[in-house]
Amino acid sequence: MHNIKELRKNLEVFRSKLLHRNFEFNISVFKKLDANNRELISKKEKLEQEKKILSKTKDKTNFEKSKNISLEIAKVSDEQLISQKKLNDFLHIIPNLALEDVPIGKDEKTNKIINKFGDIKKFSFNPKSHVEIGLKSNNIDFDTSIKLSGSRFVILKDKIALLERALINFMMDTHTNQFKYTEISPPLIVNEDVMFGTGQLPKFETDQFEIKFESNNQRKFLIPTAEVVLTNLVRKKLLNRNELPLRFVASTPCFRKEAGSYGKDTKGMIRQHQFYKVELVSIVEPKKCNLELDRMLKCAQKILDDLELAYQVVLLSTGDMGFSAEKTFDLEVWIPSENKYREISSCSSCGSFQSRRMGAKYKHEDTNDFVGTLNGSGLAVGRLLIAILENYQNQDGSVTIPRVLKKYMNNLDKI
């Protein structure tokens, strides 16, 4: 969410920069909504002041006048609440502004490859997809999951299920032991305010799984990512400067409708309604967001380095970044069956965009400023599982266990 005072002062700057985010900022609509709301606020304040003056007099003839003013205040207050909602509805769907070093472009075609790491594995045979590997061993089961839940769900069995758990434990150990993130076991169901705080609502409501309750006042959602709960741990808080940075990590299931991806990645486990992810979140002073983003990226890279997987680092363009982000790096891992890199992590700085929505501040000198927030996948478990199965496969259909995972896999050499 943007500072409305800054918005008023820099309308053309916002309009121009928001075009880079593929967002049409209608200045005339904003001016009209803002002016009407401010006018009603001013009118209400004048009436309240008038009533206050009358209440100080002991003239009984002013009683009826005061009563009428009270009725007028109530009427104007109702009008102002409606006006404020219209203004908020307009403001709350405006995305964050990109930082100056973010490539300008409409979509992923203008993303910038920063670097490539690791060697792409050369096979002496035609490598199979993770679907073929899983079906051969009967340890990846799509047919039964469709009967149970529908499309875009999967059942993992036996050693592949163990491999999934091993990856989670390996990543959690790495982030807590080496990088000193605080492990959190959060709730998987959150309320509407929490979803608003990180930017999932109201703009992306159609992509969320909402839980139905008897009361319409009780809106709850399954989390689309642990970012939602980890970032909101500082919601409505005033932190001391010496408490920062705060760094949290959690491994959770994530739930997404994938409403905007109809027809994409319909085969296999690339795009699921339910998937595990290890999520990293940092709460810092805003001026330290860039440094923290670099640090977070290195934490996510370490997982791929230790697993000896080939990957590339990509700086996203203005048109491809998430709603709340001001700068995003993607990590894309090599998938042999597709002969290309696929996203396995997004690490984003959001500046103070989310903290304004959450009301999260810290004491800074003589003022209370909004904190900076960052989030990143460290990593997406399903896609990492795919990368392991495909990059470590052997001609006989077995899969070699990466060195760093053996202690999490009962010291198995292969599955």
Side-chain angles (χ1 to χ4, degrees), residues 103 108-134 140 160 163-164 166-171 173-175 178-179 264-265 267-272 275-278 280 293-317 320 328-348 376-406 408-409 412-415:
E108 70 277 359
K109 294 176 183 176
T110 45
N111 292 345
K112 181 181 178 182
I113 297 174
I114 302 299
N115 212 337
K116 294 179 184 285
F117 298 89
D119 298 321
I120 293 173
K121 187 172 181 179
K122 306 297 182 185
F123 293 92
S124 60
F125 58 93
N126 187 30
K128 295 180 174 62
S129 71
H130 67 282
V131 176
E132 294 171 298
I133 294 169
I140 297 180
I160 291 183
L163 178 58
E164 178 184 59
L167 285 168
I168 292 171
N169 290 337
F170 162 63
M171 288 190 280
D173 282 352
T174 300
H175 294 310
Q178 292 189 36
F179 301 120
K264 293 181 181 178
D265 303 315
K267 293 182 179 180
M269 293 168 50
I270 286 286
R271 198 179 297 273
Q272 299 278 282
F275 56 95
Y276 282 95
K277 185 154 65 81
V278 172
L280 307 173
L293 181 59
D294 290 340
R295 182 189 188 277
M296 182 177 283
L297 182 65
K298 287 181 173 63
C299 295
Q301 285 182 255
K302 185 66 165 59
I303 301 298
L304 295 172
D305 290 336
D306 285 353
L307 290 169
E308 300 178 74
L309 293 168
Y311 67 95
Q312 64 183 15
V313 181
V314 180
L315 176 59
L316 299 196
S317 70
D320 197 33
T328 298
F329 287 104
D330 270 8
L331 294 180
E332 298 179 346
V333 69
W334 181 256
I335 303 297
S337 66
E338 298 188 15
N339 199 38
K340 66 180 181 180
Y341 294 98
R342 294 297 299 254
E343 177 200 337
I344 197 166
S345 172
S346 280
C347 295
S348 300
S377 310
L379 306 160
V381 180
R383 293 193 178 190
L384 188 54
L385 180 68
I386 291 168
I388 296 295
L389 292 176
E390 294 198 11
N391 283 282
Y392 279 87
Q393 65 179 291
N394 302 304
Q395 192 167 4
D396 63 1
S398 65
V399 177
T400 300
I401 303 301
R403 175 184 52 82
V404 293
L405 291 182
K406 286 187 179 181
Y408 298 98
M409 291 286 295
L412 287 174
D413 291 319
K414 293 180 181 180
I415 58 174

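The model shown is predicted, which means the values in this text are computed figures rather than measured ones.
The shortest side-chain heavy-atom distance between T174 and V404 does not fall under the 4.5 Å cut-off. Taking the side chain as every heavy atom from C-beta outward, D320 and T110 never approach each other to under 4.5 Å. The closest side-chain heavy-atom distance from Y408 to L167 is not below 4.5 Å. The shortest distance between side-chain heavy atoms of Y341 and V314 does not fall below 4.5 Å. Side-chain contact between I303 and L384 is present, with heavy atoms from C-beta onward closer than 4.5 Å. For the pair I335/K340, no side-chain contact is recorded, criterion being any heavy-atom separation below 4.5 Å from C-beta on. For the pair R342 and I386, the minimum side-chain heavy-atom distance is 4.5 Å or more.
Of all heavy-atom pairs spanning V313 and F329, the tightest one is CG1-CD2, 4.0 Å. Among all heavy-atom pairs drawn from Y392 and L309, the shortest one is CE1-CD2, 4.0 Å. Of all heavy-atom pairs spanning G376 and M296, the tightest one is N-SD, 3.5 Å. Listed here is the closest heavy atom pair of I160 and I140: CD1-CG1, 3.9 Å. Contact between M171 and G378 at its shortest, heavy atoms only, is SD-O, 3.3 Å. Here the closest heavy-atom approach between residue A166 and residue L405 is recorded as O-CD2, 4.1 Å.
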Under the side-chain contact (heavy atoms from CB on, under 4.5 Å) criterion, do R383 and F275 qualify, and how do the steps go? CA-CA 9 Å; R383 293 193 178 190; F275 56 95; over 6 Å; no
As a quick check of understanding, evaluate side-chain contact (heavy atoms from CB on, under 4.5 Å) for V333 and L379, giving each step before the final call. CA-CA 11 Å; V333 69; L379 306 160; over 6 Å; no
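Residue K112 places its NZ atom among 12 or fewer non-hydrogen atoms of other residues, nucleotides or ligands, all under 6.0 Å distant. Heavy atoms from other residues, nucleotides or ligands lying under 6.0 Å from CG of D396 number more than 12. Atom OH of Y276 sits in a sparse spot, with 12 or fewer heavy atoms from other residues, nucleotides or ligands closer than 6.0 Å.
Between the CG atom in N391 and the CZ atom in F123 there is a gap of 5.5 Å [rounded to 0.5 Å]. Atom CG of L163 is separated from atom CG of L385 by 5.0 Å, given to the nearest 0.5 angstrom. Atom OG1 of T400 and atom CG of N394 lie 3.5 Å apart (nearest 0.5 Å). Rounded to the nearest 0.5 angstrom, N115 CG and L315 CG are separated by 12.5 Å. Between the CD1 atom in I401 and the CG atom in L412 there is a gap of 6.0 Å [rounded to 0.5 Å]. Interatomic distance, CD1 of I344 versus OH of Y311, reported as 11.0 Å (0.5 Å rounding).
With hydrogens and angles disregarded, no donor-acceptor distance shorter than 3.5 Å links the side chain of R403 to the backbone of E308. A donor-acceptor pair under 3.5 Å is absent between the side-chain atoms of H175 and the main chain of L280, judged by distance alone. Under a 3.5 Å cut-off, the side chain of Q393 and the backbone N or O of K128 do form a donor-acceptor pair. A distance-only check finds no donor-acceptor pair linking the side chain of E338 to the backbone of W334 [under 3.5 Å]. Side-chain atoms of Q312 never come within 3.5 Å of backbone atoms of E332 as a donor-acceptor pair (strictly under, hydrogens ignored).
Checking S377, S346, S348 one by one against D330, the side-chain hydrogen bond (donor to acceptor under 3.5 Å, both in side chains) holds for a single residue, S346.
With salt bridges taken as basic N to acidic carboxylate O contacts below 4.0 Å, none links D294 and K298.
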